[in-house]
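In what follows, every chain begins at residue 1, and chains take the letters A, B, ... in the order their sequences are listed. All values derive from a computational prediction rather than experimental measurement.
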There are 2 protein chains.
Amino acid sequence: MNTDTSTQFSNSVRENGLRMTKQRALILDILRKSQEHLDAEALHDRAKKLDPQIGLATIYRTLALLKNFGLVNEYDLGEEHGHFETTPLTPHHHFTCLGCKKIIEFEIPCIDSFIQDLLLGDEMIVTRAHISFEGYCSSCRGKLGA
Amino acid sequence: MNTDTSTQFSNSVRENGLRMTKQRALILDILRKSQEHLDAEALHDRAKKLDPQIGLATIYRTLALLKNFGLVNEYDLGEEHGHFETTPLTPHHHFTCLGCKKIIEFEIPCIDSFIQDLLLGDEMIVTRAHISFEGYCSSCRGKLGA
DNA sequence: TTTACTGCAAAACATTTGCAATGAG
DNA sequence: CTCATTGCAAATGTTTTGCAGTAAA
């Protein structure tokens, strides 16, 4: 089990002739420890607390790298800009409440076979599914009077 | 049936104390006649052929208006910026081929009840579902050797 | 030592906004 | 006439890039 994301990253990085820097380690660490869906700016703010010199460009460059290695995923939540989280062990999708902006994660059982069935007949390969919902959570729904 | 989108739009616009301008008519007309998924820039290019003075800001403002009226939909296709199409009679979703960039539309039968089932137990209201796929179409898949 | 990586500032984009002029009703 | 709408240009907000200096390996 013990899939240490940092070690995994260090190895991947070195195998590709890249370098493990303190900035990269820091960014991955923040992402791993956070349960939230951070955007680049929020990540930068947190990173600056531990390394005041770190630049926003480094955040973006590292995020792109982590995405390529499949260690983080970027989500389009609602209409906004990109949010990131480390690749979850159990894939899930996101529901954004338009009232309180809370993000609720949920699993879609058998999503892969569902997608397979959909495209049966068409001979495409699906490498990625973007699935997210917007609406109102139970408490905001109450406030709207439903 | 004959749901003339332009007439429908004219009426909606006037009912709300807004005005029907030649720019708005032109933009909706281009969108209706196009089977593609245009972005604001592409729409602007086409509009300029018929009205060289039309500004990009007008495209954005009109697109926002049409979205509010539910006459056009905006899609996040892959990682890129917004693409638009007039609201289809039969709802569908999009598959973007990473090889040739072609967009393939397909229906998901019973999508609403599928979403209902997913959230059963959680008491949320889903007002919008973002669902799109990326991958390789049958011909690009061939080129990759699969 | 080598050269990948960083910080910074500037550039690149997509989209929005302020404002005086225009035109639909 | 009124004031919603437009075109333009400037402003915004996010992400990318060029480059000289820094630091992993």
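Toward the 5' end of DNA chain D, the nearer of the two residues A:V13 and B:L18, judged by each one's closest nucleotide, is B:L18. For B:G55 and A:Q23, each mapped to the nucleotide of DNA chain D holding its nearest heavy atom, the one lying further toward the 5' end belongs to B:G55.
Defining each end axis of the helix from C:dT1-D:dA25 to C:dG25-D:dC1 as the rotation carrying four pairs' C1' atoms onto the next four, with five pairs an end, the two axes are found to diverge by 30° to 10 degrees.
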* Asked: Where do A:I103 and A:F95 land on the side-chain contact (heavy atoms from CB on, under 4.5 Å) test, with the steps shown first?
  -> CA-CA 6 Å; A:I103 294 165; A:F95 171 94; over 6 Å; no
* Stepwise side-chain contact (heavy atoms from CB on, under 4.5 Å) test for A:I54 and A:H44 -> CA-CA 8 Å; A:I54 198 167; A:H44 187 213; 4.0 Å; yes
* Checking side-chain hydrogen bond (donor to acceptor under 3.5 Å, both in side chains) for the pair B:H130/B:E74: CA distance, chi angles, key distance, verdict? -> CA-CA 10 Å; B:H130 300 269; B:E74 182 172 6; over 6 Å; no
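Spacing between atom CG of A:N16 and atom P of D:dA25 amounts to 13 Å, rounded to whole angstrom units. The distance between atom CD1 of B:I59 and atom C1' of C:dA14, rounded to the nearest whole Å, is 14 Å.
In terms of modelled atom types and a separation under 3.5 Å, the side chain of A:D51 and the main chain of A:Q53 share a donor-acceptor contact.
B:H83 and B:H94 are not linked by any side-chain donor-acceptor pair at a separation below 3.5 angstrom, with hydrogens and angles left out of the test.
In the set C:dA9, D:dG7, C:dA14, the nucleotide with an atom closest to the side chain of B:H81 is C:dA14. Among D:dT15, D:dA25, C:dT6, the nucleotide with an atom closest to any side-chain atom of A:R14 is D:dA25. Between C:dT15, D:dA25, D:dG7, one nucleotide has an atom nearer to the side chain of B:D51 than all others, and that is D:dG7. Closest to the side chain of B:R19, out of C:dA14, C:dG7, D:dC3, is D:dC3. Of the candidate nucleotides C:dT3, C:dC8, C:dG25, C:dC8 has the atom nearest to the side chain of A:Q53. Taking the side chain of A:Y60 as heavy atoms from C-beta on, and the options D:dT5, D:dT16, C:dT6, the nearest nucleotide is D:dT16.
Using a 4.0 Å heavy-atom criterion, one finds that A:L56 contacts the bases of the nucleic acid, with or without backbone contacts as well. Contacts of A:R61 with the nucleic acid, taken as non-hydrogen atoms under 4.0 Å apart, include base atoms.
Between A:H92 and A:F106, every side-chain heavy-atom pair lies at or beyond the 4.5 Å cut-off. Under the 4.5 Å side-chain criterion, counting only non-hydrogen atoms from C-beta, B:P91 is not in contact with B:E107.
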